[in-house]
2 protein chains.
Amino acid sequence: MFSSDELSSLRWDPVRGSVEIIDQTLLPHTLRRCHLDTLSDFCHAISTMQVRGAPLIGIAAAFGLARALSEDGSSKNLESARSRLLGTRPTGANLRWALDAICAAVGDLEPDRRGEAALARAIAMRSEDIAQCARIGEHGLTLLRRIEFGERLNIMTHCNAGWLATIQWGTALAPVYKAVAAGIPVHVWVSETRPRNQGMNLTAWELQRAGVPFTIVADNSCGQLMRAGLVDCVLVGSDRTATNGDVCNKIGTYLKALSARDNGVPFYVALPESTIDWNCPAGEAIPIEERDPAEVLTIAGVDAAGEACEVNLAAAGSPALNPAFDVTPGRLVDALVTEYGVYEATPAGLSELRASVYGRR
Amino acid sequence: MFSSDELSSLRWDPVRGSVEIIDQTLLPHTLRRCHLDTLSDFCHAISTMQVRGAPLIGIAAAFGLARALSEDGSSKNLESARSRLLGTRPTGANLRWALDAICAAVGDLEPDRRGEAALARAIAMRSEDIAQCARIGEHGLTLLRRIEFGERLNIMTHCNAGWLATIQWGTALAPVYKAVAAGIPVHVWVSETRPRNQGMNLTAWELQRAGVPFTIVADNSCGQLMRAGLVDCVLVGSDRTATNGDVCNKIGTYLKALSARDNGVPFYVALPESTIDWNCPAGEAIPIEERDPAEVLTIAGVDAAGEACEVNLAAAGSPALNPAFDVTPGRLVDALVTEYGVYEATPAGLSELRASVYGRR
């Protein structure tokens, strides 16, 4: 699994000198790659969610900044490009983290050396992400091995925290793929994740492609499935984690965490350390992105002939609100699964993780 | 409000001698009435959800049984028609309640008198429903008056428990309409209610028609809105209530109740007494209807030209599961609002209600 680089959410094309992505807005109906050649291409790809998922957004932004610096390595352009990229999505922590990493790598260099150095750093970040996600998978697998289950291990996930949200493996899906590779009979409950349906569109597509058994359900079903004893654990990703253990993730995550706690189902969050905002003391401080209400009022799919089409769901003139993320308090999170190991979602747990990270750096 | 009989979810047409309904599967895009002339018409209308909502299903079934008896008043046909109607939807309590009421009204009569008597009882049940819902609205209004709010009273509802689910007023929306009439500045959060979107399709349509301010949100948003302090109370209906206070309602209700409790938001359930299953000791005993997975995998709307169309959302071959209801434990319900008054969602509260009902009968 994931032995080749053939299908990846984002790769550097050295021949063309540009970045190739999968346009995730077209999945699951069409698998189309496209190239990002200009800073505007990168900004557009992130804001329209052609690439999404906190880790992948970070890496895409790093390549975008490298691209801008290869055109013009001046400090003025560095600041301007950084600012444009930072404005594309407000909630995820990796965007700022990745841009800061590039700035740190090139800040002291002469302007005409910055493009090359930034590209080298972005390429390295991409490789590091793969290794980190693989380690998250291994650490998550140790948790999954402790769960008693019947005929199959029923894992519920939300949104997409698979390889489409990273480079390979994913965060929440990495332990799933590792469990499958280890011969554990896994079944995944995929909640569709309205309004943009990343569960139905991306997670189900990933799992289908990988031959992992899954069932799609409406987001509303998740509580009832837990009450019926059909869920052995919940495993989700994170867009930003605060230092008290609060987790900001795709809207609807909090409801699953509440239901998991009410039914004694373990609730795990898988995340690379880069997703933790060490300057954020609590979930209340995280800005929640509000996206276009049209994402609630319309939906895209394919018609009977397989042609892509978008339909209006609501009566004309209906107002809607579209917050894209919610905050799950750390008290509802049973464990944070990182590339450094498994930690409590508490101030003490985050402090311990921080010590581990700085000790190893 | 609701002074005329002009727009009603179901009415008896004495000239044609049949029942006229609004085909709710076409809303909000098309308002079309249709006639139910045969027992098969009634069964089809209930199972395909042209009429839905526990109270309306009950009344439609009563008229359906009356229709069958007007053709053939034999005991054999009574039992056969009752059985066919009872099989259309398994979860709601009113279906059996209404059929039992008709059977009780006609069982001792000569076969050729049964059709007329059943029709008279069904017409009376329809009128009683209107009066009951108006009383639910008044009792609910007393609860709403006690809530402190800022610029507007933000009420969150789920699915549709408005006049489209009953005959007039509704259950959960009755207090909303009464509050608007009383001059309270109400705003309603309408959760879309996947998979069939009765919130977006029916509740928003009702509120828009009545000039009540509302905002549509994805079901996933409801927890975040409560965390942000944007919800003053939750008000939902019930399809079946157990004698311990457990409430079975549209899938997703339980998640709202969990979130309401976690955020100190009052969670009220509005229901006519006919929705209580006095033979059901707890939610676990309620059969949860599983509907066609296609309801999750496809969705209906209108295209840019306003033409009705259905789109496939998931990749071909994706499995889905579609439980239509969930159970909210009574411990999460702050009050049951009935036509007899407000009661605790506990065995003691239900006993008290039962005593009130029998005392007044």
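Each chain gets a letter, A, B and so on, in the order its sequence line appears, and its residues count up from 1. Worth knowing before you read on, the calculation uses all heavy atoms, side chains too, and leaves out hydrogens, waters and symmetry mates. Being a predicted model, the structure only gives us computed values, none of them experimental.
- Highest contact tally toward chain A, considering only B/I299, B/V327, B/T298, is held by B/V327 [criterion: heavy-atom pairs under 4.5 Å].
- In this structure, the side chains of A/M200 and B/L297 come closer than 4.5 Å at one or more pairs of heavy atoms.
- For A/F214, the parts sitting under 4.5 Å from any heavy atom of chain B are the backbone and the side chain alike.
- Between chain B and the residues A/E310, A/K250, A/R261, A/H29, the largest count of heavy-atom pairs under 4.5 Å involves A/H29.
- Closest of all the heavy-atom pairs between B/A314 and A/I216 is CB-CD1, 3.9 Å.
- Of the inter-residue distances, the one linking B/R227 atom CZ with A/T328 atom OG1 reads 7.5 Å to the nearest 0.5 angstrom.
- Each of B/A304, B/A308, B/A218, B/A228 has some count of heavy-atom pairs under 4.5 Å with chain A, and the biggest count is that of B/A218.
- To the nearest 0.5 Å, atom NZ of residue B/K256 and atom CG of residue A/N220 are 5.5 Å apart.
- If you measure heavy-atom distances from A/A316 to chain B, the contacts under 4.5 Å come from the backbone alone.
- Between the CG atom in B/N201 and the CG atom in A/L313 there is a gap of 7.5 Å [rounded to 0.5 Å].
- Among A/S191, A/P329, A/P213, the residue with the largest count of heavy-atom pairs under 4.5 Å with chain B is A/P329.
- Neither the backbone nor the side chain of B/E307 comes within contact range of chain A; no heavy atom of the residue lies under 4.5 Å from a heavy atom of that chain.
- Heavy atoms closer than 4.5 Å to chain A are found nowhere in B/N322, neither backbone nor side chain.
- When each of B/C222, B/G283, B/P293, B/G301 is checked for heavy-atom pairs under 4.5 Å with chain A, B/G301 comes out on top.
- Using a 4.5 Å cut-off between heavy atoms, A/N197 contacts chain B through its side chain alone, with no backbone atom that close.
- With a 4.5 angstrom heavy-atom cutoff, A/E295 does not touch chain B via any of its atoms.
- The most heavy-atom pairs under 4.5 Å with chain B, out of A/G223, A/P319, A/A204, A/P323, come from A/P319.
- Checked by atom type, the side-chain pair B/Y254/A/D262 shows a donor-acceptor distance below 3.5 Å.
- Contacts between A/L225 and chain B at a heavy-atom distance below 4.5 Å involve the side chain alone, from C-beta outward.
- At a 4.5 Å heavy-atom cutoff, the contact between A/D219 and chain B is made by backbone and side-chain atoms alike.
- Heavy atoms of A/I288 lying under 4.5 Å from chain B belong exclusively to its side chain.
- Residue A/R196: no heavy atom, backbone or side chain, is found under 4.5 Å from chain B.
- Interface remark: of the candidates A/P195, A/S221, A/G306, A/S221 forms the most heavy-atom pairs closer than 4.5 Å to chain B.
- The distance from the CG atom of A/L258 to the CG atom of B/L332 is 10.0 Å, given to the nearest 0.5 Å.
- Remark: A/Q208 CD to B/S318 OG distance equals 4.5 Å, nearest 0.5 Å.
- Only the backbone of B/A300 has a heavy atom closer than 4.5 Å to any heavy atom of chain A.
- The CG atom of B/L255 lies 10.0 Å from the CD atom of A/Q224; values are rounded to the nearest 0.5 Å.
- Each of A/V217, A/V302, A/V296, A/D326 has some count of heavy-atom pairs under 4.5 Å with chain B, and the biggest count is that of A/V302.
- The parts of A/R194 that come within reach of chain B are both its backbone and its side chain, each placing non-hydrogen atoms under 4.5 angstrom from that chain.
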